[in-house]
2 protein chains.
Amino acid sequence: MSNNLSDEYIYKQILKSIVEHQLPPGARLPEDKLSEAFGRSRTSIRKVLQRLALERIVTIAPNKGAQVSRPSEQEAKEVLNSRIMLEPLLIPEVLKRWSNTNSKHFRQMVKAEKQAEKEEDQASLIQLTAQFHYELAHFSGNSVMAEFIEQLCYRSSLIIAAFGSRHSVSCDCGDHLVLIELLDKGEVQRAEKWMRDHLTHIKSSLKLTISDDQKINFQQLFSTMD
Amino acid sequence: MSNNLSDEYIYKQILKSIVEHQLPPGARLPEDKLSEAFGRSRTSIRKVLQRLALERIVTIAPNKGAQVSRPSEQEAKEVLNSRIMLEPLLIPEVLKRWSNTNSKHFRQMVKAEKQAEKEEDQASLIQLTAQFHYELAHFSGNSVMAEFIEQLCYRSSLIIAAFGSRHSVSCDCGDHLVLIELLDKGEVQRAEKWMRDHLTHIKSSLKLTISDDQKINFQQLFSTMD
DNA sequence: GCACCATAAATTGTATACAATATATATGGA
DNA sequence: TCCATATATATTGTATACAATTTATGGTGC
């Protein structure tokens, strides 16, 4: 493989492989193998692995090295619950800045998603789905929040790798187009609700042990729906 | 100084110095000086500095090394706005888990704050104020959110160092006791509102250039208050 | 005195060496 | 055959060496 690659490039490359499920949870990441693959010394690789560890994408055990994180069920719930709380919260700000250009940009992205779906290119589909969410967050104008959400999106991909069912991914797509249309029409509350439901749906598609957290609420289940 | 200190210890030590305004924004953090101070090689120090850089507490410029971050006004606003959004959001969850033990714990903490205030121990006061906020966040049961808020608290300390007025710190204290009493009484909405107002007050105590972001809203200003 | 350039000192970037630890393999006894 | 132990191999942890770059110093001309 070619030489003299920046740390940032190596970081993105490894992250991408994990997010796209090429490197499954638990996969060992030996420093000298990576060192050889990227043609850089172990020093650079360690730096990248430590960064990924801080972001919880990778887990480093003392004297045992790095492996792709195996998120716990607890962590899975917390990450998804965080997204359910935060992403709808940013919708009003996104809408304030919403323009025709944005709309076109995101429609283009949905097109790419559908293309990946048709070609059964799981890797691209996962990556695009996450990208849709964090790019939207970035349009809120609050980059501090957006970067946090971006990390949660990467962690979600890992969580889907660990707890997702066969169709978790494609099913998830649930058509981001609907959201765009709501934003075009300026329907704040419906857009917020869509986002909440969308993420809740992803969460419930995970094969997590049932707990208090997701006891069936018959009241809600059989209430009149819109 | 004594030898063989863990990376974690060094990290906390440097973080503490920055949060407590011993190391002001812009202060250079030369690797070999720190290396000597902690009795470890530059390797360990670099690792710690890189972590702090990812957390935005420190800024590393290529070939120029690390210095304590100088947050921009934009960043200051985004961090505070994020806290204004998030911390009230966690109040309901905190309340669900609220117990007499918690109450006592936080009352103890307020006592310590007041002690620090009386002794004019600015460093402790800043640290305790931040700690109050992030410990509360941890009692929400969502550690993913709590860790993010913890980071935002550290960044806030840095922001106060950069943009705070003389009495930003002591004034801020605005009595955390009030919040505890609201939680004791189970007043969710009032507690949420208290938190929002408290953080908004901190934000407006900063010497930031006036922008759209904080134009005076007369409507709101002269509305009937409770 | 001040700007400018050359040189010296200090500081960071990167690779590598060696020690410490963990994992894998092989050997011997029950 | 299986398990325990010893040895060998592989892998990580840490310090250090050297190159690359920046910052400081000093001298020269104007």
Side-chain angles (χ1 to χ4, degrees), chain A residues 1-18 22-72 158, chain B residues 1-18 22-72 158:
Chain A
M1 186 162 278
S2 61
N3 222 349
N4 206 17
L5 308 168
S6 81
D7 293 346
E8 185 68 16
Y9 174 83
I10 297 173
Y11 163 77
K12 284 190 177 150
Q13 206 68 13
I14 297 177
L15 176 61
K16 187 165 183 274
S17 299
I18 296 173
Q22 254 101 46
L23 288 169
R28 310 205 85 254
L29 302 168
E31 293 175 2
D32 48 359
K33 297 287 193 323
L34 292 170
S35 169
E36 202 179 343
F38 289 106
R40 302 283 315 255
S41 80
R42 278 177 53 217
T43 312
S44 315
I45 303 298
R46 280 179 77 82
K47 185 177 164 186
V48 169
L49 290 176
Q50 270 152 14
R51 173 171 177 189
L52 288 165
L54 287 174
E55 293 170 352
R56 312 292 179 134
I57 302 299
V58 146
T59 302
I60 297 178
N63 287 316
K64 289 185 164 189
Q67 56 178 62
V68 178
S69 292
R70 284 190 223 267
S72 68
L158 199 52
Chain B
M1 185 163 277
S2 61
N3 221 350
N4 207 15
L5 308 167
S6 81
D7 293 346
E8 186 68 16
Y9 173 83
I10 298 173
Y11 163 77
K12 283 190 177 150
Q13 206 68 12
I14 297 177
L15 176 61
K16 187 165 182 274
S17 299
I18 295 174
Q22 254 102 45
L23 287 170
R28 310 206 84 254
L29 302 167
E31 293 175 2
D32 48 358
K33 297 288 192 324
L34 293 169
S35 169
E36 204 179 340
F38 288 106
R40 302 283 314 259
S41 81
R42 278 177 52 216
T43 312
S44 315
I45 302 298
R46 280 179 76 82
K47 185 177 165 185
V48 169
L49 290 176
Q50 270 151 15
R51 173 171 177 189
L52 287 165
L54 287 174
E55 293 171 353
R56 312 292 179 132
I57 301 299
V58 146
T59 302
I60 296 177
N63 288 314
K64 290 185 164 188
Q67 57 178 66
V68 178
S69 292
R70 283 189 224 269
S72 68
L158 198 52

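So you know, we letter chains A, B, ... as the sequences are listed, proteins then strands, and number each from 1.
When the C1' atom of C:dA10 is taken as reference, atom CD of B:E31 falls 12 Å away, rounded to whole Å. Spacing between atom CD of A:E36 and atom C1' of D:dT11 amounts to 14 Å, rounded to whole angstrom units. Distance A:L34 CG to D:dT11 C1': 12 Å, rounded to the nearest Å. In this structure, A:R28 places its CZ atom 15 Å from P of D:dA10, rounding to the nearest Å. Per the geometry, CG belonging to A:L29 stands 16 Å off C1' belonging to D:dA10, to the nearest Å. Distance, B:R46 CZ to D:dA15 P: 14 Å, rounded to whole Å. Look at CD1 on A:I45: it is 14 Å from P on D:dT11, rounded to the nearest Å. Distance, B:K47 NZ to C:dT14 P: 18 Å, rounded to whole Å.
Set against D:dG13, C:dT14, C:dT12, the side chain of B:P30 has C:dT12 as its closest nucleotide. Nearest nucleotide to the side chain of A:T43, out of C:dT16, D:dT14, C:dG13: C:dT16. Closest contact between the side chain of B:S41 and the listed nucleotides C:dT12, D:dA15, D:dT12 involves D:dA15.
Of all heavy-atom pairs between A:I60 and A:A66, the closest is CG1-CB, 3.9 Å.
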Using residues 48-55 of chain A as the side-chain source, report each donor-acceptor pair under 3.5 Å to any protein atom, sequence neighbours left out, with the distance given to one decimal.
from  : atom 1 : to    : atom 2 : distance (Å)
A:R51 : NE     : A:E55 : OE2    : 3.3
A:R51 : NH1    : A:E8  : OE1    : 3.3
A:E55 : OE1    : A:Y11 : OH     : 2.8
A:E55 : OE2    : A:Y11 : OH     : 3.3

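Within the structure, no pair that satisfies the salt bridge (charged side-chain N to carboxylate O under 4.0 Å, His left out) test touches residues 62-72 of chain B, not counting sequence neighbours.
Rounded to the nearest 0.5 angstrom, B:K47 NZ and B:R40 CZ are separated by 8.5 Å.
Between A:R42 and D:dT12 there is no side-chain N or O to OP1 or OP2 distance below 4.0 Å. For C:dA15, the OP1/OP2 oxygens have a side-chain nitrogen or oxygen of A:S44 closer than 4.0 Å.
Within 4.0 Å (heavy atoms only), A:K33 reaches sugar-phosphate atoms of the nucleic acid but no base atom.
A distance-only check finds no donor-acceptor pair linking the side chain of A:S44 to the backbone of A:D7 [under 3.5 Å]. A:S17 contributes no side-chain N or O that, together with a main-chain N or O of A:Q22, makes up a donor-acceptor pair within less than 3.5 Å. Looking at A:S41, its side chain does come within 3.5 Å of a backbone N or O of A:T43 through a donor-acceptor pair.
For the segment residues 52-70 of chain A, the set of residues with a heavy atom within less than 4.0 Å of an atom of DNA chain D comprises A:P62, A:N63, A:K64, A:G65, in numerical order.
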